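Here the structure is a predicted model, which is why all the values come from computation and not from measurement.
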Amino acid sequence: MDLLLASLLMIWGGISADHPDMTFEQLAQAAVDSGKPAIVQAADPNAPKPDRLTPVNKTDPQKDAPKIKGVYATAHSAGGARLNTLVKLMDDTELNAMVIDIKDDWGYITYKTGNPELEAMETTQKIIPDMPKLMDTLKEHEIYPIARIVVFKDTVLAKKRPDLSYLNPDGSLWSNGKKDSFVNPYKKEVWDYNIAVAKEAVKAGFKEIQFDYVRFPEGFETRADSLQYFKDERTRIEAVAEFVKYAREQLSPLGVRVSVDIFGYAASVPAAEGIGQDFDKISQNVDVICPMIYPSHYTTGWFGAKVPDAAPYQTIDGAMKDTHKKLETIGSLKPIIRPWIQDFTATWVPGHISYGKHEVEEQIKALKDNGVDEFLLWNAGNSYTAGVEYK
């Protein structure tokens, strides 16, 4: 994920991807055979629109959940030999949760759900070969399972269903500089598809659904008027926030939490109209908010640091103060704050430092000093620093 931001304006337009140092194994080609028509349950045109943004119920469906301290795992890691290493890390430390790709950054569903409508979409790859075995392993080791679902960044679905995406003026499918395509948050059909994936994850045993890329494409405001796509009277912020509200209404009765990944910057700036992310509006409709506050995300001068990446405590401390201040306005609707923090070296950042035990612990200390005792560690290769005290 391409992260060196030149200005605050670039933040509002988005970053080329939501998480850094992305070096996933390349999956099968995203362009899959589109010969068969895709089958997605159509929304009822006569169904009433959901109430605008106001949550109906903010009761935590996982009241007995532990304080989560987790790591990210690709489907390849969760379904392969690296799982043993990650489980040992959990057994040997205070870490107790794993965020696993169930719908990945390309849009592939990463295991056979057995859902005929989803499998008819031909968007499934059997990366995790035996989901029941995986879930049994996590349960045996008391590892809290969180399903990561990448929502609106979905090249696979966009290629199969261009009508759910954005078209260039010549009618071709739009993609960004990395050849990624997004699907349209205005389309309820897209909402229902992702929620169907989430419901299968719940059936598999996941206790939390974490939605990522809950936004329009980066820089969308610069091309919104030239692309062809469906939209209605709602703003982009309303469309995204209403998806989150609807998803939680669908999933909470199943006993799972809903969390959303969001740019850490979003707590420090006004709403990002361009990409449709509003920290407050999303936060009031989730059980857990996961701001991505990697020090490498921040540019010169943020929180008084010349190189925020080289000042992990100072940067996280500033980000958390802004987060608390931002959420003061929603009172009892305030979700659990569980940030993503950095366990990788951002070699692309001028003045960066190498991240190891000290740097990870400094971030955790900054969280603790701000009353935040949950966190998630990001490393794209799922290789986490040894010897860290996670207390």
Trainee: Taking atom CD as the centre, does Glu142 end up with more than 12 heavy-atom neighbours from other residues, nucleotides or ligands that are less than 6.0 angstrom away?
Mentor: no

Trainee: Under 3.5 Å, is there a donor-acceptor pair between the side chain of Thr315 and the main chain of Pro312?
Mentor: no

Trainee: Between Phe230 and Glu189, is the side-chain contact (heavy atoms from CB on, under 4.5 Å) condition met? List the steps.
Mentor: CA-CA 12 Å; Phe230 169 81; Glu189 197 170 347; over 6 Å; no

Trainee: Any donor-acceptor pair under 3.5 Å linking the side-chain atoms of Ser383 with those of Asn379?
Mentor: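 Distance-only check fails for Asn379 and Ser383.
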
Trainee: With the 4.5 Å side-chain cut-off for hydrophobic clustering, are Tyr355 and Phe375 part of the same group?
Mentor: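 Tyr355 and Phe375: separate clusters.
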
Trainee: Count I, L, V, M, F, W, Y as connected when their side-chain heavy atoms are under 4.5 Å apart, and connections chain through other members. Are Leu173 and Val150 then in the same cluster?
Mentor: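 No, no single cluster joins them.
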
Trainee: Please check if Ile262 and Tyr246 belong to a single hydrophobic cluster, counting links between Ile, Leu, Val, Met, Phe, Trp and Tyr side chain heavy atoms closer than 4.5 Å.
Mentor: yes

Trainee: Nearest heavy-atom pair of Cys290 and Gln210: which atoms, and what distance?
Mentor: SG-NE2, 3.9 Å

Trainee: Do you know the tightest heavy-atom contact between Phe216 and Asn184?
Mentor: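 Nearest heavy atoms, Phe216 then Asn184: CE2-OD1, 4.2 Å.
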
Trainee: Applying side-chain contact (heavy atoms from CB on, under 4.5 Å) to Asp212 and Ile149, what does each step give before you reach the verdict?
Mentor: CA-CA 6 Å; Asp212 201 356; Ile149 294 177; over 6 Å; no

Trainee: Do Pro61 and Arg257 come close enough that some side-chain heavy atom pair is under 4.5 Å?
Mentor: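 Pro61 vs Arg257: side chains touch.
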
Trainee: Does a sphere of radius 6.0 Å around CG in Asp64 hold more than 12 heavy atoms from other residues, nucleotides or ligands, not counting ones at 6.0 Å or beyond?
Mentor: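 No, CG of Asp64 has 12 or fewer neighbouring heavy atoms, counting only those of other groups under 6.0 Å.
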
Trainee: Are the charged groups of Glu361 and Lys365 less than 4.0 angstrom apart, N to O?
Mentor: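 Answer for the salt bridge query: no.
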
Trainee: Hey, could you give me the CG/CG distance between Leu327 and Asp322, rounded to the nearest 0.5 Å?
Mentor: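 Here the rounded value is 11.0 Å.
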
Trainee: Side chains of Thr110 and Asp104: donor-acceptor distance under 3.5 Å anywhere?
Mentor: no

Trainee: Do Arg236 side-chain atoms and Gly274 backbone N/O form a donor-acceptor pair below 3.5 Å?
Mentor: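 Yes, Arg236 side chain to Gly274 backbone: donor-acceptor pair under 3.5 Å.
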
Trainee: Between the side chains of Glu200 and Lys203, is the shortest nitrogen-to-carboxylate-oxygen separation below 4.0 Å, so that they form an ion pair?
Mentor: yes

Trainee: Could you measure the distance from the NZ atom of Lys88 to the NE2 atom of His141? Nearest 0.5 Å is fine.
Mentor: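 One finds 11.5 Å between NZ of Lys88 and NE2 of His141.
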
Trainee: Test your reading of the model: is there a side-chain donor-acceptor pair from Asp180 to the backbone of Thr155, 3.5 Å cut-off?
Mentor: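 Not a single qualifying donor-acceptor pair exists.
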
Trainee: If every non-hydrogen atom of Lys160 is compared with every non-hydrogen atom of Met121, which pair is closest and at what distance?
Mentor: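 Reported closest heavy-atom pair: CE-O, 2.8 Å.
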
Trainee: Does the distance from a Lys or Arg side-chain N to an Asp or Glu carboxylate O, for Asp287 and Lys63, drop under 4.0 Å?
Mentor: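 Lys63 and Asp287: not salt-bridged.
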
Trainee: Which distance, rounded to the nearest 0.5 Å, do you find between the NZ of Lys207 and the CE of Met135?
Mentor: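 It comes to 8.5 Å.
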
Trainee: Any salt bridge between Lys178 and Glu218, counting N to O under 4.0 Å?
Mentor: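 Looking at Lys178 and Glu218, the cut-off is not met.
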
Trainee: Does Tyr265 use its side chain to pair, donor to acceptor, with the backbone of His297 at less than 3.5 Å?
Mentor: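 Yes: the side chain of Tyr265 pairs with the backbone of His297.
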
Trainee: For residues Pro308 and Thr299, determine if any side-chain heavy atom of one lies less than 4.5 Å from a side-chain heavy atom of the other.
Mentor: no

Trainee: Give me the atom names and distance for the closest heavy-atom approach of Trp348 to Pro350.
Mentor: O-CD, 3.4 Å

Trainee: Does Asn96 reach the main-chain N or O of Lys69 with its side chain, forming a donor-acceptor pair under 3.5 Å?
Mentor: yes

Trainee: Look only at the side chain of Lys58 and the backbone of Val286, and say whether a donor-acceptor pair between them is shorter than 3.5 Å.
Mentor: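 Yes; judged by distance alone, with no hydrogens or angles, the pair exists.
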
Trainee: Got a sec, which residues hit ring-ring contact (aromatic ring centres under 6.0 Å, His included) with Phe211, two or more places apart in sequence or on another chain?
Mentor: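 Expected list: Phe243.
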
Trainee: About how many Å separate CZ of Arg148 and CD of Glu208, when rounded to the nearest 0.5 Å?
Mentor: 13.5 Å

Trainee: Tell me, please, which residues at least two apart from Tyr384 pass ring-ring contact (aromatic ring centres under 6.0 Å, His included).
Mentor: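 Scan of Tyr384 (ring-ring contact (aromatic ring centres under 6.0 Å, His included), adjacent residues dropped) gives none.
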
Trainee: So if you build clusters from Ile, Leu, Val, Met, Phe, Trp, Tyr with side-chain heavy-atom gaps below 4.5 Å, do Ile353 and Val388 land together?
Mentor: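 Not linked; separate clusters.
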
Trainee: Got a second to check how far Thr74's OG1 is from Asp101's CG, nearest 0.5 Å?
Mentor: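 One finds 6.5 Å between OG1 of Thr74 and CG of Asp101.
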
Trainee: Is there a side-chain contact between Val349 and Pro295 (heavy atoms, below 4.5 Å)?
Mentor: no

Trainee: Are Glu273 and Glu221 close enough that some pair of their side-chain heavy atoms sits under 4.5 Å apart?
Mentor: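 Answer no - side chains too far apart.
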
Trainee: Let me know which of Val372, Ile337, Asn370 forms a side-chain contact (heavy atoms from CB on, under 4.5 Å) with Thr323.
Mentor: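 That would be Ile337.
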
Trainee: Does one side chain, of Asp309 or Gln342, offer a donor that lies under 3.5 Å from an acceptor on the other?
Mentor: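 Their side chains do contain a donor-acceptor pair, which is all the 3.5 Å distance test asks for.
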
Trainee: Count the heavy atoms belonging to other residues, nucleotides or ligands that lie under 6.0 Å from NZ of Lys187, then report whether that count exceeds 12.
Mentor: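 Buried by this count: over 12 neighbours within 6.0 Å.
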
Trainee: Quick one, Val87 and Asn84 - any side-chain contact, counting heavy atoms below 4.5 Å?
Mentor: no

Trainee: For Lys321 and Lys325, what are the C-alpha separation, side-chain angles and deciding distance, and is it a side-chain contact (heavy atoms from CB on, under 4.5 Å)?
Mentor: CA-CA 6 Å; Lys321 285 180 166 55; Lys325 185 176 180 180; over 6 Å; no

Trainee: Is it the case that the side chain of Arg338 and the backbone of Glu374 share a donor-acceptor pair, with hydrogens and angles ignored and the cut-off at 3.5 Å?
Mentor: no

Trainee: Test of understanding: clusters of I, L, V, M, F, W, Y form through side-chain heavy atoms closer than 4.5 Å, transitively. Do Ile237 and Trp191 belong to the same one?
Mentor: no

Trainee: Ignoring hydrogens, what is the shortest heavy-atom contact between Tyr111 and Ile128? Give both atom names and the distance.
Mentor: CB-O, 3.7 Å

Trainee: Hey, what else clusters with Ile336 if you join Ile, Leu, Val, Met, Phe, Trp, Tyr whenever side-chain heavy atoms sit under 4.5 Å?
Mentor: Val288

Trainee: Would you say the ring centroid of Phe279 lies under 6.0 angstrom from that of Phe263?
Mentor: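 No, ring centres 6.0 Å or more apart.
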
Trainee: Where do Gly264 and Pro291 come nearest, in terms of heavy atoms and distance?
Mentor: CA-CB, 4.2 Å

Trainee: Is the number of heavy atoms from other residues, nucleotides or ligands within 6.0 Å of NZ (Lys357) greater than 12?
Mentor: yes

Trainee: Counting C-beta onward and ignoring hydrogens, is there a side-chain heavy-atom pair between Tyr193 and Lys103 closer than 4.5 Å?
Mentor: yes

Trainee: Charged N to carboxylate O below 4.0 Å: is that the case for Asp280 and Lys326?
Mentor: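 Result for this pair is no, no salt bridge flagged.
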
Trainee: With respect to Tyr229, which candidate in Tyr166, Phe182, Trp174 satisfies the side-chain contact (heavy atoms from CB on, under 4.5 Å) definition?
Mentor: Tyr166

Trainee: Could you check, using the six-membered ring where one of them is a Trp, whether Phe303 and Tyr313 have ring centers closer than 6.0 angstrom?
Mentor: no

Trainee: I'd like to know if the side chain of Asn382 and the backbone of Tyr72 have a donor-acceptor N/O pair within less than 3.5 Å.
Mentor: yes

Trainee: Just wondering, do Glu94 and Glu389 contact through their side chains at under 4.5 Å, heavy atoms?
Mentor: yes

Trainee: Are side-chain heavy atoms of Val71 and Asp343 found at a separation under 4.5 Å?
Mentor: no

Trainee: Please lay out, stage by stage, how Leu86 and Ile143 fare under the test side-chain contact (heavy atoms from CB on, under 4.5 Å).
Mentor: CA-CA 10 Å; Leu86 294 174; Ile143 298 170; over 6 Å; no

Trainee: Nearest 0.5 Å, please: how far is CZ in Arg215 from CD1 in Ile282?
Mentor: 11.0 Å

Trainee: Would you check if the side chain of Thr300 reaches a backbone N or O of Lys306 as a donor-acceptor pair within less than 3.5 Å?
Mentor: yes

Trainee: Is it true that a side-chain atom of Tyr186 and a backbone atom of Arg234 form a donor plus acceptor pair closer than 3.5 Å?
Mentor: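 Indeed, once roles are kept as given, a pair shorter than 3.5 Å links the two residues.
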
